[in-house]
Amino acid sequence: MQLRSACALLLSAALGLPGAARADRASGTWTGEVEARGNYYWERSTRVIAPELTAQTESPGGLRLRANYLVDTITSASVAAGAITDDRFTEIRHDVSVGTGYEIDLHDAHLDLSLDARYGVEPDYTSTGGTLGAALSLNDRATVFRLGTSYVHDVVGKKLRGANRDADGRDLSDRGTQGRLDALALNVAFEQVLTPRLVLALGYDLGLLAGYQHNPYRTVGVGGGAPVEERHPDDRTRHNAHARLALHVPQTGTSIHGMYRAYLDSWDIAALTPELRLYQELGEMFMLRLRYRYYTQTRAFFQRPDGYSTEDRYVTDDPKMAAFQSHLIGLMWLVRLAFLERSALDFAWRASLELLAEYNLTNNEHGDGVVLQAALRMPL
């Protein structure tokens, strides 16, 4: 039993997952957790403030329920985001997701099934999707096989900020639906506890995209003439292989995670992403995480660094289609609020506070970026 608990905890840490609150089946009570998180992102032309709230609970019978609500407040100065002039404007996106799951006890194994649905909306864009997942645990949960599939349907519109109304009062800013995008993803993964201190995880993701895949506001100069609308291929196939090896050193309270990701798609973009994370416990109430990630990619086959001619079928001004590299460094500080026990804030003594700061140094046109997060988790 002790080995199984150690393996489960190490596996959860290796995958970077928060410890989910489990129901107390013996006492017949529900358990759960509420998380409030604030997200902030800044780069040269864009700022995003995104508060979100997540609640999850589990019944005594093992039924899990989860709900998440996020608001993206995006402030941008980019003409490519719909402004007629290069003035700052703010756009709001609402995103809601709900999910359920249940684990079936198969005596010597456990089968966990999950279902999630998501809906996102902003003035010129709507997105609906769902995910089905299954995880089979063997060998006292030391071996886990995962299989999942996701489907997303997006409707892309176009609204020009600053456009006027005509004599009949019609809103000239709304140019209607520009296109639709359908995406199907298939995911397989394998996780193995090699020893009570060492975990290996391997995975592969396949993505199939069909439909509208460019920015309806972005234009591209072609042959020295007037700019034309950006055009990307309608079909895209993505392959993504990833691995993670996690080592825990109990004598020092240290965990080291090494990750590697290899990506290739039908647009000829190939990317490699090695990453290293170091977790260090500092007493019973504090944990520090250091993170470094390197990213490098090749350009899409239709991206022309020297410009486009009128004979080019596809044209783009998207920096993500060009070859570039980036270095991300980050720091996360976790504080368990156990010191509040038997104080005026005793109700929060099982909660934890997470603070995160990351800096992304990149050589593409987006420029460097900053990510800040603050989260409070409260068990129910």
Side-chain angles (χ1 to χ4, degrees), residues 1 4-39 50-72 94-106 109-121 127-137 140-141 144 146-152 187 189 191 285 287 332 334-338 340-341 345-356 373-380:
M1 184 66 179
R4 182 175 67 180
S5 299
C7 291
L9 289 173
L10 182 56
L11 183 58
S12 177
L15 296 174
L17 302 173
R22 306 293 294 183
D24 186 350
R25 301 190 181 187
S27 64
T29 59
W30 288 70
T31 60
E33 181 181 82
V34 174
E35 176 184 291
R37 179 177 293 270
N39 304 284
E52 63 177 309
L53 183 65
T54 303
Q56 57 184 359
T57 185
E58 184 174 345
S59 74
L63 177 66
R64 302 190 307 276
L65 302 173
R66 185 194 66 84
N68 174 270
Y69 174 62
L70 178 143
V71 180
D72 263 343
H94 301 272
D95 191 285
V96 178
S97 64
V98 294
T100 184
Y102 185 78
E103 185 178 82
I104 303 172
D105 189 350
L106 303 177
H110 299 83
L111 178 63
D112 192 293
L113 303 175
S114 61
L115 171 65
D116 292 270
R118 174 186 165 273
Y119 177 73
V121 60
S127 178
T128 56
T131 300
L132 286 171
L136 179 64
S137 301
D140 241 2
R141 301 185 186 273
V144 182
R146 297 186 185 274
L147 177 65
T149 181
S150 302
Y151 171 75
V152 176
N187 321 101
E191 301 149 15
M285 290 185 293
M287 185 182 72
M332 189 269 286
L334 178 69
V335 182
R336 300 178 180 91
L337 304 183
L340 296 178
E341 188 175 12
L345 300 176
D346 181 79
F347 65 92
W349 75 271
R350 293 188 301 153
S352 62
L353 177 65
E354 178 185 308
L355 302 174
L356 178 144
Q373 290 183 353
L376 178 65
R377 295 192 182 97
M378 178 79 71
L380 300 177

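Both backbone and side-chain heavy atoms feed into the values below; hydrogens, waters and symmetry mates do not.
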Check your understanding: Any sub-3.5 Å donor-acceptor pair from N39's side-chain atoms to A50's backbone N or O?
Key -> yes

The reported gap from CG in L340 to CG in D346 (rounded to nearest 0.5 angstrom) is 8.5 Å

Nearest heavy-atom contact between T128 and Y119 is CG2-CD1, 3.2 Å

Minimal heavy-atom distance between R64 and T100, with the atoms involved, is O-OG1, 3.0 Å

| request: Side-chain contact test, heavy atoms from C-beta onward, threshold under 4.5 Å: evaluate it for L337 versus L376 and give yes or no. | output: yes

Would you mind checking if R377 and E35 are paired as a salt bridge, meaning a charged N to carboxylate O distance below 4.0 Å?
yes

So CD of E33 and CZ of R350: to nearest 0.5 Å the spacing works out to 10.0 Å

Going by atom types only, do R37 and Q373 share a side-chain donor-acceptor pair under 3.5 Å? yes

Rounded to the nearest 0.5 angstrom, the CG-CD distance for L63 and E103 is 12.5 Å

| task | Using a 4.5 Å cut-off on heavy atoms from C-beta on, say whether the side chain of S127 contacts that of V152. | result | yes

Evaluate the side-chain proximity of I104 to L113: yes if any heavy-atom separation is below 4.5 Å, no if none is.
yes

Measuring only between side-chain heavy atoms, which start at C-beta, is R118 closer than 4.5 Å to D95? yes

Smallest heavy-atom separation, W30 atom then L65 atom, equals CZ3-CD1, 4.5 Å

All heavy atoms of V34 vs all of L380, minimum pair found to be CG2-CD2, 3.7 Å

- Message: What verdict does the side-chain contact (heavy atoms from CB on, under 4.5 Å) test give for V335 and L355, after you've listed the backbone C-alpha separation in whole Å, the side-chain angles of each residue and the deciding distance to 0.1 Å?
- Response: CA-CA 9 Å; V335 182; L355 302 174; over 6 Å; no

Smallest heavy-atom separation, Y102 atom then G61 atom, equals CE1-O, 3.1 Å

Sorted by chain and number, sequence neighbours left out, side-chain contact (heavy atoms from CB on, under 4.5 Å) with V96 holds for Y69

Taken in chain and number order and not counting sequence neighbours, the residues that satisfy salt bridge (charged side-chain N to carboxylate O under 4.0 Å, His left out) with R66 are D116

For N187 and T149 the tightest heavy-atom approach is OD1-N, 4.3 Å

Under the side-chain contact (heavy atoms from CB on, under 4.5 Å) rule, what do H110 and L136 come out as? Steps first, then yes or no, please. CA-CA 6 Å; H110 299 83; L136 179 64; over 6 Å; no

